[in-house]
Amino acid sequence: MDRRRISLYASGGVIMKDKVYDVAIIGGGILGAMIAWKLSSCQLDLVVLEQGYDIGEGAAKANSGILYPGLHARGGSLKGISTVQGNAMYDTICETLGIPLHRTGSLYVAFSEEGVEKMMKKYERGLRNGAPDMQILSGEEARQLEPLLSPDVIRAVYSPNTALISPFILVTAMAEAAASNGVEFRFGCRVSGIQTPGNRSPFFSIRTAGESISARYVVNTAGGGAASVEQFVREQNLVIQPRRGQYFIFDPPASAVIRHVLFQAGDNDEGGTLIAPTVDGNIIAGPTSEDVKSFQDTETTAEGLAHVERVARKIIPSFPIDTAVTSFAGIRANITNIEKEQKDFVIRRSVKGMASALGIKNPGMTAAPYLTEQILEIIREDGLATIPKEKLVPYRWKQPFLSLSRAEQQELWRNDPRYGHVLCRCEKITEGDLLRVLDSPLPPISMDGLKKRLRIGMGRCQGSYCISRVMEVLCRERKCEPQEILKRTEGSFLVKGRLK
Amino acid sequence: MKQYDLVIIGGGPAGMAAAVSARENGIRSVLLVERSKRMGGILPQCIHDGFGMKYLGRSVTGPEYAEYWIHRSEETGISSVVSCDVTDLSFSRRACRTRHGEKSSFVLKLVSSEKGVEEAEAKAVILASGCRERTRGQLKIPGSRPSGVYTAGQVQYMMNVQNLLPGNEVVILGSGDIGLIMARRMKWEGMNVRLVLGERASGLIRNYIQCVHDWKIPIRFGYTVLSIHGRNRVTGVTVAPVDKNGRPKIQGKQEIPCDTLVIAAGLVPEDDIWNSLMESSGRAGEPICSTDETGTQVEGFFVCGNVIRQYDTVDEVTASGWEAGRQAARYLRNERRLKRAEDRKVAALEMREMMSSEKHMMTDDDLMYLTSENPEDAEGEYLLYCINCPSGCRMTIQEDGSVSGNRCSQGARYAVSEKNSPSRIVTTTIGIKGHPERLIPVRSSSAVPKNRVVEVLTACRKRKVRLPVIKSSILIEDVLEDGSDIHMISCASYTENE
């Protein structure tokens, strides 16, 4: 929880000066973590450089939490194909990691003849992208699947492959699995330059605030910063700008409201706003789509939130708007110098030995498994040998204590009675869960890191019961002062210190 | 599985009163469950005074009021557990047979460090779990999401129990009692309260006077927070006036720099346990329906305190708990309940009315008077509000010294003393040697002259005491050091283990 401890984790606290990594991954989002996890099964020295104080601090932290069906992107584009292919690859990924995946299916609904036209265009895109088993439904049929759906819905496309997944659980599970198998993670580590292999050194030399890191290969999955990172090694022909999406989280008994992901053929400026259940039993509504100035610009606005509410009510007229628990905004990396109809995800070789992923906005999480393969393909072509390790440290994502079976609970509690001390009531997290996470292969440095791993503070009370009680445990366990505990990064202290 | 006649969920003022009342009405096997380390619910963190005016006939602090009920429940022989959460509630598959036929019973899941996860069965349940606070998310305040945005109860716990300083420059959204009380608390602890704002005047007049007016804390009614700023820590909030319909008037907006935003904008029932009961029986989403104050649509399931209705004073909460205990006892003894719903309602209301009294809530009229420069009006009359009890009588002192407008003799005494030498009871905390993470709540043994309150607060800030501390012991003798014999007295007992 303390600045001094940043970047000292997975390497056992020692950073070796002249170490040369086989692969340095710049950016610890979903794509970066997935590549790290995939490569961690090979005999390679790996490091992930992340500017935030945790994995998944960018787009991973604020997206819809769904696997898209593959009918949004242009037919036959990399985005379209990687969505369909990536989506299908998640069954194995989730099973391997032991994380929840709910294949609820989705409805893409249309309210007007014009909307039906849009819908049919999506359907055709879906066909070209290979989206499986889509069905065109009448309004009636759609309402049979989703009883509270607006009576104004006249047609819908049903996609059975659409799924719910927690981006938080996904990114932490992959990163923890990677860390368990020796991948180093450096946080608060912003890349300020890259020297390509040449006369001075046969390796890439990556400059960060504190030091230079040498690596044989570089993977650039820096999300919003990917274009700037690539610019260190080649001329940049893409302009990537931040686009903000605002969301609401609602907390009714979700199953009583909706069962599927609901996309809509937007009229006017309604964009891709959707509503969906979450794996945690909430409902998410959003996003908006607004160009903003900075990738840090994650403010929500009254207009944006009103828009989300309006669309949610349009899809489900009886939508329980008053059960909102929180709102937030995420930033997607949007390529702006290419026409909309030509725009696509860009996976390319930046220079020999370095691959970049650019403009990976939604549905980037869905596409990630496929994009991972593409990126690995590039660096393999450039000579990276991926020889499997003889022995892997097995990893399974752990469920919180109170969701376990009675027998498992008894066993854990007997070993550590603190498993019986409930810290977070809304999400049912106990002190034992917290201690386990602090002792995990990739322990959180910030309160938001804890939130990602345990959902502490994400429930109805938004942390007003648990946060200061969690701080008490952290002060004790980490032997730190309360003012050293951060919410997110430097400067986001939770308290000023002791009163007396 | 342990079996009880009655399990009460929540050991705050409602739950404790319900337990004592059920016991005194003849129910033997009662279990009272509290999730905190200490019995009392939210009372231990409410270190200010003004509790128990009706029930005890005197004004005590939150911790003292809790101690009173802890003592009574111990005397009555109620079994109680602390540091224990009820995480699930469902109907038992087994029905209990009585001479009036079959009644369902309940299964509770209890989680604690001491016993792990265990189940208990109860023939009746009283839910006394109180409220949560409305959060920034529920209020849908847009802006960034920095640290430093807290709810009032949360900062209250941090400051009064955990010895934490949340920030230095504070804006408080919410001008109800909780917001006003926290404004004073923060001011007294040396923080700068830049503004208290709320959409309309609310809260008891006595709290307004003691907390805001006394300490010249800026307050604005008819305002709301439009947006929150700051990437890491709060750097400021934008506020704006609202029109009659609560819509902000953007042209009047203004940014106020601060490092902390406290949200004191209302409460929502903590009814998760009810929801878990409904979900377990396939009735997800059904709200608690209480027609007669404490009974519900589920036989054997009773509610009391703030989980069912937000009360203004702890006395009313106590009364509600007392009534729930009585009703649960009647149910368990198989007595016929009062037949007509109307009658039940009347019986319950009687109790409440006995406990409550007229309450003087802030109005715009009061505000206009209180914020005017000169409290003495043209005829030489001296106008003031009594702060002794929630009635908040508006009184007048004539030139000859006679007092009018008061409804009791205490009021008259207060009026004279307020005019000549205003004084206040001081409630604060004292640190503990070797335990920086805890504080002892204390109060002054008698009222301190208003202009010397700061000296008392400073003395308390400097002092650290050793554990154990026994309730009502003098922790600082003659705190003003002038022989006036005002002492600082502990409001609760603390042992080394806590």
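Values below: every heavy atom of this structure, side chains too, minus hydrogens, waters and symmetry copies. Just so it is clear: chains get the letters A, B, ... in the order the sequence lines come, proteins before strands, and each one is counted from 1.
No hydrogens or angles considered: nothing links the side chains of B:Thr87 and A:Lys428 as a donor-acceptor pair under 3.5 Å.
Contacts of A:Phe250 with chain B are absent, with no heavy-atom separation under 4.5 Å from either backbone or side chain. Using a 4.5 Å cut-off between heavy atoms, A:Gln296 touches chain B through backbone and side chain atoms alike. In this structure, no portion of B:Thr260 lies under 4.5 Å from any heavy atom of chain A. A:Arg414 does not touch chain B: none of its heavy atoms, backbone or side chain, sits under 4.5 Å away. Looking at A:Arg418, only its backbone comes within 4.5 Å of chain B, counting heavy atoms on both sides. Only the side chain of B:Met158 comes within less than 4.5 Å of a heavy atom of chain A; its backbone N, CA, C and O stay farther away. For B:Pro436, the parts sitting under 4.5 Å from any heavy atom of chain A are the backbone and the side chain alike. For A:Ser464, the parts lying under 4.5 angstrom from a heavy atom of chain B are both the backbone and the side chain. Heavy atoms of A:Arg406 lying under 4.5 Å from chain B belong exclusively to its side chain. Using a 4.5 Å cut-off between heavy atoms, A:Ser468 touches chain B through backbone and side chain atoms alike. Residue A:Glu309 touches chain B through its side chain alone, counting heavy-atom pairs closer than 4.5 Å. Heavy-atom distances place the side chain of A:Gln410, and not its backbone, under 4.5 Å from chain B. Only the side chain of B:Lys464 comes within contact range of chain A, with heavy atoms under 4.5 Å apart. Looking at B:Arg132, only its side chain comes within 4.5 Å of chain A, counting heavy atoms on both sides. With a threshold of 4.5 angstrom between heavy atoms, B:Ile228 approaches chain A through N, CA, C or O but not through any side-chain atom. For a residue to count as touching a neighbouring chain, one of its non-hydrogen atoms must lie under 4.5 Å from one of that chain's; by this rule A:Ile321 touches chain B with backbone and side chain alike. Residue B:Val149: no heavy atom, backbone or side chain, is found under 4.5 Å from chain A.
Rounded to the nearest 0.5 angstrom, B:Ser147 OG and A:Met447 CE are separated by 10.0 Å. To the nearest 0.5 angstrom, B:Asp88 atom CG is 8.5 Å from A:Leu402 atom CG. With rounding to the nearest 0.5 angstrom, the CD atom of B:Glu133 is 13.0 Å from the OH atom of A:Tyr465.
Heavy atoms only, all atoms of each residue included: A:Leu305 and B:Pro142 are closest at CD1-CB, 4.3 Å. The two residues A:Ser492 and B:Asn232 have their closest heavy-atom pair at CB-O, 3.4 Å.
Using a cut-off of 4.0 Å between Lys/Arg side-chain N and Asp/Glu carboxylate O, B:Glu270 and A:Arg425 are scored as salt-bridged.
In terms of modelled atom types and a separation under 3.5 Å, the side chain of A:Thr326 and the main chain of B:Gly137 share no donor-acceptor contact. Listed for the B:Gln154 side chain is a donor-acceptor partner under 3.5 Å among the backbone atoms of A:Gly463. No donor-acceptor pair closer than 3.5 Å links the side chain of B:Gln162 to the backbone N or O of A:Glu472. Judged purely by atom type and a 3.5 angstrom limit, B:Arg233 uses its side chain to pair as donor or acceptor with the backbone of A:Leu494.
Residue with the most contacts toward chain A among B:Asn275, B:Val111, B:Val268: B:Val111 (heavy-atom pairs, distance under 4.5 Å). Top candidate by heavy-atom pairs under 4.5 Å with chain A, chosen from B:Met159, B:Arg461, B:Arg145, is B:Arg145. The residue among B:Ser112, B:Ser144, B:Ser113 with the most heavy atom pairs within less than 4.5 Å of chain A is B:Ser113. Interface remark: of the candidates B:Lys140, B:Gln138, B:Arg134, B:Lys140 forms the most heavy-atom pairs closer than 4.5 Å to chain A. Your options are B:Leu439, B:Val234, B:Asp272, B:Val117, and the one with the most heavy-atom pairs under 4.5 Å with chain A is B:Val117. Your options are A:Gly304, A:Gly491, A:Ala329, and the one with the most heavy-atom pairs under 4.5 Å with chain B is A:Gly491. For the set A:Met471, A:Gln409, A:Glu431, the entry with the most heavy-atom pairs within less than 4.5 Å of chain B is A:Gln409. Comparing B:Cys460, B:Cys84, B:Ser83, B:Gly116 by how many heavy-atom pairs each has under 4.5 Å with chain A, the most go to B:Gly116.
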Going through the checks in order, is the side-chain contact (heavy atoms from CB on, under 4.5 Å) test met by A:Val495 and B:Leu165? CA-CA 6 Å; A:Val495 296; B:Leu165 172 67; 5.9 Å; no
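The local environment of CD in A:Glu411 is sparse, with at most 12 non-hydrogen atoms from other residues, nucleotides or ligands closer than 6.0 Å. Within a 6.0 Å sphere centred on NZ of A:Lys293, heavy atoms belonging to other residues, nucleotides or ligands number 12 at most. For B:Ile178, the CD1 atom is loosely surrounded, since the number of other residues' heavy atoms within 6.0 Å does not exceed 12. The number of heavy-atom neighbours closer than 6.0 Å to CD of B:Glu114, taken from other residues, nucleotides and ligands shown, is 12 or below. Annotation: A:Arg476, atom CZ; neighbour count of heavy atoms from other residues, nucleotides and ligands within 6.0 Å is above 12.
Contact check for B:Glu189 versus A:Lys500: side-chain heavy atoms found under the 4.5 Å cut-off.
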